[in-house]
Amino acid sequence: MQYRAFGNTGLEVSVLGYGCGAVGGLMVRGEHRDMLRTVEYALESGVNYFDTARMYGDGLSEVHTGAILRELGAYDALVGTKVRLSAAEFGNIEEVIEAQISNSLQRIGRDNVDIVYTHNSIGAASNPDGGQLGLDDLERIVGVFNRAVESGKIRFWGINGLGDTETIQSAVDRFGPSGMHTCYNMLNPSSSHEMSTGFPYQDYGQLMQKTAEKGIGSVGIRILAGGALTGDSVRHPLAAQDVAPIATGQTLSEDLARTSQFSFLVEDGYTENLAEAAIRFALSAENLSTALVGLSSFDQLEQAVAAINKGPLPSDALEKLEGIWDAY
């Protein structure tokens, strides 16, 4: 397992991160024995970062993740979680966020957590009904985060790099988080690659380059585009059956249809399958600290670890991908 610096925090994170969310579903809806076996194998394989949130299974992901790590004695494992405001909570931000941090610690079963991120999107103006934080909302949350760091409840804090691109970039400059989640996959690589004028999806403006320059750790999400980049429409019983795309097509089926353009990676022998290609593509981004893979089963983790151990995609494969994006 390869490890990378998480910005200027001093943390070293595994390039493969364990996604504990509801899209994969294992850490929300799985059987205890399956969660235990999978997390144990992850730790044995060198995975040291586990990413959860209070919104995943209404707190079940935090409960299960914390309990399994304790059962395995993995007290050094790095855990990140998230806070999220509902529409009704925008009027009382400080008290709500402080309570959410404390409640997450109780569910995880730790006195402190390595990093807490915002989970709401970020936009030019506050939009409670749309779940969108404005910069003034974010400033109030950052104040709570800083106090939580001072009190020892959290070690570091970060933000969710989803929303309006210009505002996200401004938030990075204004607040200087320690970490950031960013959408990154073969369908939409704009967080790391410069896109042509006709790019049809949201352009994140090479956000990962900016975070790297500022010493901010980056967590890649939607590496498999919600499952579309597996090339398979059949979803695991534990996985979310209806997944809304992020910064790609209108539907998961639309994204799935577009994955055919990447079939050359398998046909030309670069990878054994599309899922491997997607994971190794994420690994190819040197500015990405860790790539989250949401899991439904032990087999999926085995495949992800095997893909990571093969290393980044070859340079000529990446050049062919650039040609595909230019043709968008």
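All values derive from a computational prediction rather than experimental measurement.
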Novice: With a sphere of 6.0 Å drawn around CG of Asp316, does it hold more than 12 non-hydrogen atoms of other residues, nucleotides or ligands?
Specialist: yes
Novice: Scan side-chain atoms only and decide if Thr211 and Ser218 contain a donor-acceptor pair under the 3.5 Å cut-off.
Specialist: no
Novice: Within this structure, what is the OG1-CG distance for the pair Thr118 and Leu85, rounded to the nearest 0.5 Å?
Specialist: 9.0 Å
Novice: Tell me, please, which residues at least two apart from Tyr204 pass ring-ring contact (aromatic ring centres under 6.0 Å, His included).
Specialist: none
Novice: Can Leu36 be reached from Val79 by stepping across I, L, V, M, F, W or Y side chains whose heavy atoms are under 4.5 Å apart?
Specialist: yes
Novice: Which atom pairs, donor and acceptor, lie under 3.5 Å between side-chain atoms of residues 14-27 and protein residues at least two apart or in another chain?
Specialist:
| from | atom 1 | to | atom 2 | distance (Å) |
| --- | --- | --- | --- | --- |
| Ser14 | OG | Leu16 | O | 2.8 |
| Ser14 | OG | Asn48 | N | 3.0 |
| Ser14 | OG | Asn48 | OD1 | 3.1 |

Novice: Can you measure from CD (Gln202) to CE (Met195) and round to the nearest 0.5 angstrom?
Specialist: 13.0 Å
Novice: Mind checking whether Arg54 and His119 have side chains closer than 4.5 Å, heavy atoms only?
Specialist: no
Novice: Grab the two heavy atoms, one from Asn287 and one from Ala212, that are nearest each other, plus how far apart they are.
Specialist: OD1-CB, 3.7 Å
Novice: Can you name the closest pair of heavy atoms from Gly109 and Arg70 and give their distance?
Specialist: CA-NH1, 3.4 Å
Novice: Looking at Glu89, I want to see if its CD is surrounded by more than 12 non-hydrogen atoms of other residues, nucleotides or ligands under 6.0 Å.
Specialist: yes
Novice: For the OG1 atom of Thr52 and the CD1 atom of Ile108, what is their distance to the nearest 0.5 Å?
Specialist: 6.0 Å
Novice: Within the 4.5 Å heavy-atom criterion, are Arg235 and Leu252 side-chain neighbours or not?
Specialist: yes
Novice: Under the ring pair (Phe, Tyr, Trp, His ring centres under 6.0 Å) rule, what pairs show up with a residue in residues 144-182, not counting sequence neighbours?
Specialist: Tyr117-His181, Phe145-Trp157
Novice: Does a side-chain heavy-atom distance below 4.5 Å link Arg155 with Ile115?
Specialist: no
Novice: Does one hydrophobic cluster hold both Phe50 and Phe298, with members joined at side-chain heavy-atom distances below 4.5 Å?
Specialist: yes
Novice: So if you build clusters from Ile, Leu, Val, Met, Phe, Trp, Tyr with side-chain heavy-atom gaps below 4.5 Å, do Tyr184 and Ile279 land together?
Specialist: no
Novice: Does the side chain of Glu71 pick up a donor-acceptor pair with the side chain of His32 at under 3.5 Å?
Specialist: yes
Novice: Do side-chain atoms of Ser263 reach the backbone of Thr259 as a donor and acceptor pair under 3.5 angstrom?
Specialist: no
Novice: List the atom of Leu288, the atom of Gly220, and the distance in Å for their closest heavy-atom pair.
Specialist: CD1-N, 3.3 Å
Novice: Are more than 12 heavy atoms, taken from residues, nucleotides or ligands other than Asp242, located less than 6.0 Å from that residue's CG atom?
Specialist: no
Novice: Closest heavy-atom contact between Ala148 and Ile101?
Specialist: CB-CD1, 4.1 Å
Novice: Could you tell me if the side chain of Ser191 sits less than 4.5 Å from the side chain of Met180, heavy atoms only?
Specialist: no
Novice: Would Ser102 and Lys153 count as a side chain to side chain contact (heavy atoms under 4.5 Å, CB included) if you check the C-alpha gap in whole Å, the side-chain angles of each, and the deciding distance to 0.1 Å?
Specialist: CA-CA 8 Å; Ser102 296; Lys153 287 186 175 182; 2.8 Å; yes
Novice: Tell me the closest heavy-atom pair linking Thr167 and Ile122, and the distance in Å.
Specialist: CG2-CG2, 3.7 Å
Novice: Would you call the rings of Tyr270 and Phe264 parallel, tilted or perpendicular if under 30° counts as parallel and over 60° as perpendicular?
Specialist: perpendicular
Novice: Hey, any chance Val266 and Ile223 share a hydrophobic cluster, counting ILVMFWY side chains that come within less than 4.5 Å of each other, even indirectly?
Specialist: no
Novice: Would you kindly confirm whether Val243 and Leu295 end up in one hydrophobic cluster when ILVMFWY residues are joined by side chain heavy atoms under 4.5 Å apart?
Specialist: no
Novice: By ring-ring contact (aromatic ring centres under 6.0 Å, His included), which residues pair with Phe6, not counting sequence neighbours?
Specialist: none
Novice: Between Trp325 (side chain) and Asn188 (backbone), is there a donor-acceptor pair under 3.5 Å?
Specialist: no
Novice: Can you list the steps and then say if Arg222 with Thr248 is a side chain to side chain contact (heavy atoms under 4.5 Å, CB included)?
Specialist: CA-CA 10 Å; Arg222 291 299 177 100; Thr248 50; over 6 Å; no
Novice: Counting only heavy atoms from other residues, nucleotides and ligands, does the tally under 6.0 Å from CD of Gln241 exceed 12?
Specialist: yes
Novice: If you count heavy atoms of other groups shown closer than 6.0 angstrom to CD of Glu12, is the number above 12?
Specialist: yes
Novice: Enter the distance from Thr38:OG1 to Leu301:CG here, rounded to the nearest 0.5 Å.
Specialist: 6.5 Å
Novice: Could you walk me through whether Leu313 and Leu321 pass the side chain to side chain contact (heavy atoms under 4.5 Å, CB included) check?
Specialist: CA-CA 10 Å; Leu313 289 176; Leu321 287 172; 4.1 Å; yes
Novice: Return the set of residues passing ring-ring contact (aromatic ring centres under 6.0 Å, His included) with Tyr3 (not counting sequence neighbours), or none when no residue passes.
Specialist: none
Novice: Give me the atom names and distance for the closest heavy-atom approach of Ser289 to Gly7.
Specialist: OG-N, 4.4 Å
Novice: I'd like to know whether CD of Glu94 has more than 12 heavy-atom contacts from other residues, nucleotides or ligands below 6.0 angstrom.
Specialist: yes
Novice: Are any side-chain N or O atoms of Thr230 and backbone N or O atoms of Gly227, one a donor and one an acceptor, separated by less than 3.5 Å?
Specialist: yes
Novice: Taking everything shown except Glu272 itself, do over 12 heavy atoms lie less than 6.0 Å from its CD?
Specialist: no
Novice: Taking the inter-plane angle between the rings of Phe199 and Tyr328 on a 0 to 90° scale, is it parallel (under 30°), tilted (30 to 60°) or perpendicular (over 60°)?
Specialist: parallel
Novice: To the nearest 0.5 Å, what is the distance between OG (Ser86) and CG (Asp129)?
Specialist: 10.5 Å
Novice: Charged N to carboxylate O below 4.0 Å: is that the case for Asp58 and Arg84?
Specialist: no
Novice: Does any non-hydrogen side-chain atom of Val113 lie less than 4.5 Å from one of Ser104?
Specialist: no
Novice: Answer yes or no: is there a side-chain heavy-atom contact under 4.5 Å between Glu62 and Thr81?
Specialist: yes
Novice: Please check if the side chain of Gln169 supplies one atom and the backbone of Gly205 the other of a donor-acceptor pair under 3.5 Å.
Specialist: yes
Novice: Which ILVMFWY residues can you reach from Val28 by hopping between side chains whose heavy atoms are under 4.5 Å apart?
Specialist: Tyr56
Novice: Apply side chain to side chain contact (heavy atoms under 4.5 Å, CB included) to Val305 and Glu302, showing your working.
Specialist: CA-CA 5 Å; Val305 170; Glu302 273 193 318; over 6 Å; no
Novice: When rounded to the nearest 0.5 angstrom, what distance separates CD in Gln132 from CG in Leu162?
Specialist: 11.5 Å
Novice: Count the heavy atoms of every other residue, nucleotide or ligand shown that sit under 6.0 Å from CD of Glu322, and state whether that count exceeds 12.
Specialist: yes
Novice: Taking the side chain as C-beta and beyond, is there a heavy-atom pair between Met208 and Thr182 under 4.5 Å?
Specialist: yes
Novice: Taking C-beta and beyond as the side chain, do Gln206 and Glu194 meet within less than 4.5 Å on heavy atoms?
Specialist: yes
Novice: Looking only at atom types and distance, does a side-chain atom of Ser61 sit under 3.5 Å from a main-chain N or O of Gly57, one as donor and one as acceptor?
Specialist: no
